[in-house]
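The next block holds one structure in the form of structure tokens; read it before the comments.
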Amino acid sequence: MFRKILIANRGEIAFRIIRACRELGVKTVAIHSEADADSLHVRFADESVCIGPADPAQSYRNIPNILSAAEITGAEAVHPGYGFLAENAHFADVCESAGIKFIGPLPECISMMGDKAKARDIMAKNGVPIIPGSEGILSGENEGFELARKIGYPVIIKAVAGGGGRGMRVVHEETGFSAAFHAAQSEAGSAFGNDGVYLEKFFIEPRHIEIQILADDKGKMIYFPERDCSIQRRHQKLVEESPSPVVDDRLRRELGKAATAAVTASRYVNAGTVEFLLDRDHNFYFIEMNTRIQVEHPISECVTGIDLVKEQIKIASGKPLSIKQSQVKLNGHSFECRVNAESPVTFRPCPGKITAFHVPGGPGIRVDSASYMGSVIPPHYDSLVAKLIVHDQTRDEAIAKMKGALSEFVIEGIETTLPLHKRIFEDPSFIKGRFSTTFLDHFLENSKT
Amino acid sequence: MFRKILIANRGEIAFRIIRACRELGVKTVAIHSEADADSLHVRFADESVCIGPADPAQSYRNIPNILSAAEITGAEAVHPGYGFLAENAHFADVCESAGIKFIGPLPECISMMGDKAKARDIMAKNGVPIIPGSEGILSGENEGFELARKIGYPVIIKAVAGGGGRGMRVVHEETGFSAAFHAAQSEAGSAFGNDGVYLEKFFIEPRHIEIQILADDKGKMIYFPERDCSIQRRHQKLVEESPSPVVDDRLRRELGKAATAAVTASRYVNAGTVEFLLDRDHNFYFIEMNTRIQVEHPISECVTGIDLVKEQIKIASGKPLSIKQSQVKLNGHSFECRVNAESPVTFRPCPGKITAFHVPGGPGIRVDSASYMGSVIPPHYDSLVAKLIVHDQTRDEAIAKMKGALSEFVIEGIETTLPLHKRIFEDPSFIKGRFSTTFLDHFLENSKT
Amino acid sequence: MDLKELKELISLMDDAKLSEIELEEDGRRIRLKKASAEPIVIAPIAAGQNETVANTASQAAASEKNNALHHQVTSPIVGTFYTAASPNTDPYIALGDLVKKGQVICIVEAMKLMNEIESDIDGRIVKTCVEDGAAVEYGEALFLIEPA
Amino acid sequence: MDLKELKELISLMDDAKLSEIELEEDGRRIRLKKASAEPIVIAPIAAGQNETVANTASQAAASEKNNALHHQVTSPIVGTFYTAASPNTDPYIALGDLVKKGQVICIVEAMKLMNEIESDIDGRIVKTCVEDGAAVEYGEALFLIEPA
């Protein structure tokens with residue numbers, strides 16, 4: 001086991017990693033920007049080093065200063081957390097060159113998964129279902145038309161250079177294809193100066209389902225029961241749960257098999273997450289693989305009793321994975337609410353000083369946070385104030401528990417998403433488990449009127 | 001299920017019960033003294049009634065006012081928590097007379113278990129091992145001598161009217177019996193005006209082991225893995241754990257069998273605890289039965305995933321126990337620290353205003369508390385500020401987790417036992433699981449020098 | 001502490017721009033606070049909700065306490081407040097009545113028992129704080145009496 | 001406690017610029033608070049421990065900042081501080097030396113690279129804040145310079 005680990009992150013995830021290290025008997029080095037000198041991750045680490053000004057480019061993304069900090073403190077490994085340098089292959093690479101273990105997969109693996117087209121390609125070759133569509137730019141209307149017929153409507157035509165909905169058309173029937181194709185092409189041409197378009201199957205109300213995995217460097221791996229992260233706004237997850245209300249044991253095993261194939265194909269080591277789209281007929285398709293610990297990892301910990309961060313560190317230190325797949329048992333139901341310092345209506349970030357902070361407690365309640373009364377949410381970083389996680393025997397009980405916990409949670413001085421979380425947990429469709437990735441947009445739209 | 005429950009208690013346990021009710025969809029009525037108007041149990045109940053002045057005899061033990069509060073609010077049941085009226089058979093009786101369900105065993109059962117001699121008698125008749133000794137007062141030295149020979153040395157001679165160590169003698173060998181007998185007898189006579197003495201087997205360094213049970217009114221029951229509550233000072237438990245570091249599966253089943261016999265013998269219904277002394281040879285003896293929920297119930301919840309307070313309410317509402325003994329699985333290890341508002345050295349209570357309050361968080365941490373920054377620990381009631389509970393896979397991991405959590409816990413404005421807890425969790429004997437009910441006295445004695 | 005003293009304290013507060021004065025006579029506790037100082041906000045208080053009639057009533061009662069000119073008769077028990085001994089009899093007293101110390105002024109029913117509540121002062125009834133048939137808490141104001 | 005005493009306390013508050021006074025006689029509790037003082041100390045700060053050399057150094061550096069007469073040269077990177085380019089060469093500067101803006105005054109080694117640190121001001125070196133070979137954080141004071 002390592003004697004000392006440097007945590008190349010801040011906020012709740014840095015504190016989470018410090019807690020894991022403490023329990024493993026590993027010393028910790030916190031790094032921090034000048035804005036974070038009073039942060040809990042700094043106060044609870046064994047050592048700390050200021051590595052730059054508030055601007056993350058000059059501090060938490062400042063590779064030379066972070067490596068120097070590891071060198072002057074004698075840290076043997078670096079845990080990158082999530083965000084910042086967590087999926088930066090170059091950072092993983094220079095860590096290894098400097099003789100410091102990067103707690104995560106190999107740099108090659110990070111690179112590969114960072115290139116979405118390459119990742120998709122590898123998955124397809126290894127039997128992981130990918131979203132059906134064209135391989136690159138369509139040569140013309142005919143190719144698109146034939147392909148659409150083959151994969152079935154609805155389909156979506158997208159500009160290769162695109163973004164923000166421009167040069168994009170959803171086509172529901174054959175009769176509309178031609179017009180949509182030309183509209184997308186000409187819009188793409190005028191908007192991006194590149195009229196190349198490609199085609200993909202379009203999903204109506206899909207769910208975001210992801211599979212957490214752990215793999216050691218001896219070829220052993222396990223997968224976890226799925227997380228349903230469909231409650232999101234502009235790809236920012238707000239509420240996550242495990243298991244998904246629509247996944248049964250059979251589908252769970254299939255997802256696990258696909259995740260296993262993805263891990264094997266990429267020679268993945270350490271903790272990772274394979275993300276899938278699940279359509280209304282319960283077909284699933286690979287989206288991408290996240291090569292790091294995720295914000296929502298606690299719900300997987302709650303339903304399995306496995307500490308993912310401790311396992312990450314053990315794996316990185318060269319220990320073989322001690323948990324067998326048969327020991328990964330789904331126990332109960334867990335939800336996570338990401339409480340952000342944001343307006344619950346406009347989602348405008350609301351940094352500032354927390355003037356009152358009282359967390360819920362009691363059975364089945366977990367709070368991961370680096371906030372305290374008097375602490376400041378700086379404007380420079382993400383707006384996560386606390387993760388509120390509940391665990392109970394059934395989904396209904398977990399919902400009741402979350403409602404109670406939300407009512408107990410007091411954060412004053414800044415606006416937070418707590419009021420929105422309360423409303424989501426009162427929503428009949430949410431309570432019934434009937435939702436997709438479009439839920440939150442509709443929900444917010446409806447609540448305006 | 002009940003529509004509304006009155007909680008005849010205050011502090012953390014009242015809040016605990018409110019949380020359970022909230023999750024069961026049951027409305028709650030809090031009662032409070034004038035001193036507790038700002039308490040969290042009042043703020044989080046659906047309704048509240050002030051039932052008297054600060055003095056508990058006139059408020060939390062004021063049966064007429066509590067029953068009136070139940071009547072004017074239309075509460076269908078009363079949960080007594082622990083302490084106050086929880087083991088008051090008369091209260092249970094008048095509740096039933098007033099048509100209000102008392103959440104606990106029948107009044108007769110409370111009475112029977114409250115009479116320690118009678119309880120001992122019933123247990124003996126039903127095959128539950130009791131501490132070997134004389135049946136009542138010894139007729140003379142000879143009877144005592146013969147009995148001591150039969151049950152084996154060491155024995156203890158105690159004044160029937162006694163207390164506080166007077167009229168009490170421990171005898172380690174036959175040769176000392178006569179002198180000790182007469183000394184105890186004459187000391188008892190002069191101290192209490194009653195020279196009656198009785199004899200019991202004396203245990204050197206016993207452990208306090210207790211078995212939580214749940215029984216419904218249909219005759220179904222389950223027992224839980226044992227709790228080891230040996231870390232106590234003057235019979236006040238300070239640290240509890242489950243399972244015990246010295247109990248193996250075989251002994252666990254034997255303890256369970258004895259607890260089952262105790263429950264059957266007393267026709268016990270609802271949650272209860274059978275307390276045993278465990279000697280160094282792992283023989284165990286019935287001490288008493290607690291006919292209520294206990295302070296340390298969370299550690300049993302942690303290692304089994306069963307919510308005891310919810311189960312209490314379900315049983316009282318007439319639902320059959322839905323958990324089978326085979327479903328009560330021991331999972332991991334749990335500790336509880338009782339953080340009291342007391343000097344960690346003199347144990348003098350230290351009521352007052354809490355000027356800073358920050359609870360630990362993260363995986364496997366549970367805090368049950370009704371305290372908050374700005375709240376006041378009144379001098380009128382017990383000094384419990386918070387219960388800090390940890391749960392992890394192994395005892396060693398749980399110790400590491402507790403140490404971390406204790407270092408994160410901040411309570412200012414009052415003295416608390418936190419520094420003592422930290423020292424206990426650093427003690428080599430404690431860490432090895434080598435301790436008895438005499439541990440804390442020795443520990444405190446040694447730390448003075 | 002009489003009213004005159006209280007008024008002086010209040011004007012003192014204004015003059016000295018104090019936001020807080022706290023006194024306690026026997027244990028001799030004093031606490032003064034300047035208006036500029038940040039108040040210590042106690043947060044959890046904001047979070048809970050209590051919706052009972054009883055509670056609302058007690059809050060109202062609390063505000064009545066500010067009305068220091070009038071004497072308060074409070075309920076010594078928890079129960080149901082009645083203005084009369086039975087539905088068929090007249091109320092014990094009416095607004096504006098003069099009452100004597102020891103005179104029964106209402107009933108609080110608890111556990112099927114009718115408890116007669118007496119005035120603990122001579123004076124004139126200036127307000128009935130609770131409606132006939134309403135639930136009352138311990139210590140809840142029942143009447144305001146202008147001392148004779 | 002009479003009003004006179006109270007008034008005296010208030011004038012005391014004003015004179016001493018206190019925002020808060022709290023007294024208690026028997027248990028002998030006193031609490032005074034300065035208007036300027038930081039409001040309410042947040043406890044968790046007391047709980048953590050940081051034991052690095054680097055940290056202690058940065059605290060020292062913080063206190064140096066109070067010395068407003070002197071200009072501080074701080075480390076722009078994290079690394080190891082050296083007074084000389086190599087063990088065999090003389091230190092770049094000595095205490096009391098006059099330095100020019102842009103003049104190399106020390107080395108901070110990071111990732112095996114020797115980074116020359118220049119003075120950003122003309123003046124006289126009045127203090128070396130870090131020992132040769134010690135670890136330095138970002139922003140940590142290296143030298144104090146009396147501006148020319």
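The shown structure was predicted, so the numbers you read here are calculated from the model rather than taken from an experiment. The sequence lines fix the lettering, A, B, ..., with proteins before strands; numbering per chain opens at 1.
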To the closest 0.5 Å, what do you measure between CD (D:E137) and CD1 (A:I31)?
11.5 Å
With a 3.5 Å distance limit and no angle check, can you tell me whether A:S68 reaches the backbone of D:V78 through a side-chain donor-acceptor pair?
yes
Using side-chain heavy atoms (C-beta onward) and a distance below 4.5 Å, is D:K112 in contact with A:E71?
yes
Point-to-point distance, once rounded to the nearest 0.5 Å, from CD1 of D:I77 to CD1 of A:I51:
13.0 Å
Is A:S33 close to D:Y138 at the side-chain level, that is, under 4.5 Å between some pair of heavy atoms?
no
Is chain D contacted by the side chain of A:A69, its backbone, both, or neither, given a heavy-atom distance below 4.5 Å?
both
